[in-house]
Student: 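Can you keep this structure in mind? I'll have questions shortly.
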Amino acid sequence: MSVLEFKGVDKEYCAESSGLKKVSFRIEQGEFTALAGPSGSGKTTILNLAAGLDFPTRGCVTLIGRDLSSMKREELDYLRRNNLGFIFQAYNLFPVLTAIENVEYPLALQNVPAKERRERAHAALTEVGLTSYASRFPNQLSGGQQQRVAIARAMVSAPKLVFADEPTANLDSKSADKLLDLFSSLNETTKTTFLFSSHDPRVLNSAKRVISLMDGTIKDDYWKPLEKKSNEVSYLDPIRSEPNEADLARIKSAYELI
Amino acid sequence: MKSYFLKLCWKNIWRNRRRTLITVNAIGLGVMSLVALRNYYDCFHEQVIQNVIRYTNGHLVVSAPGYHDNRNTSSNVKDPKAIQTWLTENKDVKAWSSRVAVNGLLSSARGSANIIFAGVDAASEPNVTQFSKNIVEGKYFGANVAKQIVIGKKLSELLHAEVGSKVVALTQGVDGSIGNELFYVAGIFETQSDADKGVAFIPINEARLLASLPNQAVNQIAIVLNEQKDIDRVKNAFIKTFASDIDSKKVEILPWMEVQRHIRAMIELDKAVNRLLMIIILCVAALGIGNSILMSIMERTREFGVMMAIGTRKKEIISMVTIETLMISLVGIVLGNALAVGIITYFGKVGFDLKWLTAQKLVIDGTIIQTVSYPTVQWSNSLSVTCVILLLTLIVAIMPARHISKLNPVQALRAN
């Protein structure tokens, strides 16, 4: 089932600068996709449009089967609070709340009773390995720990889709690796769909699918090969939108086999 | 959800402790000033009104029409018997006293002065006014009041008269005849007002003789009521009962505020200045609250962006900021009221004296304006100031609410 679909989406900020040009792609339930590309390529714009925080100039964005442009602001708010999780580059935890209170926030929005809220927030913190840091304030946590709290906050309400904007940009390599392992594990266990924006090669390596952007257009959209013993490619691997030599070789082999 | 967000609001207001404390103190001082001033002014005005009632005319005055404008002895009520009977039988009337006032010359062997001879009923007047309690030498009137006079301290000094001294009154009657009479000084009063040198009390019958007035005639009947709030009720009942006399211009009844128009005007002016002062204090408090909240929300623009991204509705964020504003105000209001009650209670015991701010005794229209006041805690003032500050807070909260309602989540997320 498709959870997110972009159909011929244009986004223009002003006459001279265009954010996105004819962007089309589809993300299915349980995908682990990265939006790759340099700064200004349109990664964050896609995330904003996908979350209904911004609207396309042309084209259509469908999220969980609903055309976002036809929805009222309040409906969008409800859609976000009940179906989406957000992880930001700068963590963006509420500084006056403790780690567990931060994680409780999305549940409070959903009017979850206090006891259940606390239990679920505690479970989410356990999931990210921060149970013993529950009563600490964000300024008492390291960057990696803050990002883990942010992940717990994003995941606590069991969203269908989690958006992560440059989640590893402010982390050292060790923390980033741990975080990516956590993302992969959550994707595997909860089947939550993840959509990252990043130009960090580690993130791109861990993603199963990479949508590569350049100047607001999709330059490449490919599935990463499944883990293999050697560098040999599988016939089952998806084909890139602009096939390279390896893809052509695979097509040829498949043809010969048939 | 409510308790979670109330907790979040409470924590938010203390994220910049110093700024919040400054704002709370500003509101607290504003509330304290407003409540304390309102209580002081109310007490001060009530004191002035009570002085008017106790030292001059009581709550209501019956007289011939126009008497209070011209103060002419010839303007008198010739037959007040029916009125006096009605007053005696009226349960709302605590006391009443008939008076005759005539201008004249009072002389002793060593001096003379132009004064008002206030003819009073020695028995009933002490129930109406308090002059009898201001006797510093001798007594108000003796058992046999005939030929007795009570004069002010300054007048006694001017005439070099003591208790027991002989003085002579010389007046012109309403018929043009000259009246003169010998009196003995029974007592000397001191009120610290102009009355001390310009008024002398004599028995009402002697005054009628000096003024050549008929036997029952009076210039005034001063009435004191059991309750000040009954002024209109008693006045209306009087007008209904004596409608024909009023229509034929024989008599009129006036409340104290129409007789003592200067006092009334002074109180109104005082209240107006007080209101102006309060508006200034409220503006300062509003600026304090507005500045604090606006700074707070400007700093949190990115946070609001995150909240919106997570699915918080704008009106929920606006409610949160409004609650924060109200919380700051409430803390200030509680602090201000506590301080005000403490100050009022203290000065209610020891008295608050304005003497250090004024050079002389204040007397308006013969009424002494006491500089010492003993304010009392009136919760209605605390309640009204609290309501005004809360209303002001809600008005001030419109500013940040407008800012938030215009926030674009994408731009908010990019804010530093």
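So you know, we letter chains A, B, ... as the sequences are listed, proteins then strands, and number each from 1. No hydrogens, no waters, no symmetry mates; every other heavy atom, side chains included, goes into these values. Because the structure is predicted, anything quoted here is derived from the model rather than measured.
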Student: How long is the gap from OG1 on B:Thr312 to CZ on A:Arg81, to the nearest 0.5 Å?
Tutor: 6.5 Å
Student: When B:Tyr4 is tested against each of A:Asn111, A:Leu107, A:Leu97, A:Val112 for side chain to side chain contact (heavy atoms under 4.5 Å, CB included), which residue passes?
Tutor: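 Passing option: A:Leu97.
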Student: Answer with side chain, backbone, both or neither: which region of A:Tyr91 has an atom nearer than 4.5 Å to a non-hydrogen atom of chain B?
Tutor: neither
Student: Within a 6.0 Å radius of atom CH2 on B:Trp379, are there more than 12 heavy atoms belonging to other residues, nucleotides or ligands?
Tutor: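 Atom CH2 in B:Trp379 is not crowded, with 12 or fewer foreign heavy atoms closer than 6.0 Å.
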Student: Which value, rounded to the nearest 0.5 Å, describes the distance between A:Glu104 atom CD and B:Lys7 atom NZ?
Tutor: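 One gets 7.0 Å once the value is rounded to the nearest 0.5 Å.
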Student: Would you give the length of the straight line joining atom CG of A:Leu76 to atom CE of B:Met308, rounded to the nearest 0.5 angstrom?
Tutor: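 A:Leu76 CG to B:Met308 CE: 13.0 Å, rounded to 0.5 Å.
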Student: Is it the backbone or the side chain of A:Tyr105 that comes under 4.5 Å from a heavy atom of chain B, or both, or neither?
Tutor: both
Student: When you compare the side chain of B:Val306 with that of A:Arg153, does any pair of heavy atoms fall below 4.5 Å?
Tutor: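 Yes, their side chains come closer than 4.5 Å.
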Student: Report the option among A:Gly85, A:Pro95, A:Pro113, A:Ala90 that has the most heavy-atom pairs separated by less than 4.5 Å from atoms of chain B.
Tutor: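 The candidate making the most pairs under 4.5 Å is A:Pro95.
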Student: Select one option (side chain, backbone, both, neither) describing which atoms of A:Asn48 are under 4.5 Å from chain B's heavy atoms.
Tutor: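 Side chain only.
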Student: Check whether any side-chain N or O of B:Arg313 sits under 3.5 Å from a backbone N or O of A:Glu74 as a donor-acceptor pair, and report yes or no.
Tutor: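 No: the side chain of B:Arg313 does not pair with the backbone of A:Glu74.
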Student: Could you report the tightest heavy-atom contact between B:Gly311 and A:Leu109, atom names first, then the distance?
Tutor: C-CD1, 4.0 Å
Student: Using a 6.0 Å cut-off, check whether atom CD of A:Gln145 has over 12 heavy atoms from anything other than its own residue.
Tutor: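 It does: A:Gln145 CD has more than 12 such atoms within range.
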Student: Roughly how far apart are B:Lys11 NZ and A:Phe137 CZ, rounded to 0.5 Å?
Tutor: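 If I round to the nearest 0.5 Å, the distance is 4.0 Å.
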Student: I'd like to know whether CZ of A:Phe55 has more than 12 heavy-atom contacts from other residues, nucleotides or ligands below 6.0 angstrom.
Tutor: yes
Student: So what's closer than 4.5 Å to chain B heavy atoms on A:Leu84: side chain, backbone, both or neither?
Tutor: neither
Student: Mind checking the CZ-CG spacing from A:Phe86 to B:Leu413? Nearest 0.5 Å is all I need.
Tutor: 8.0 Å
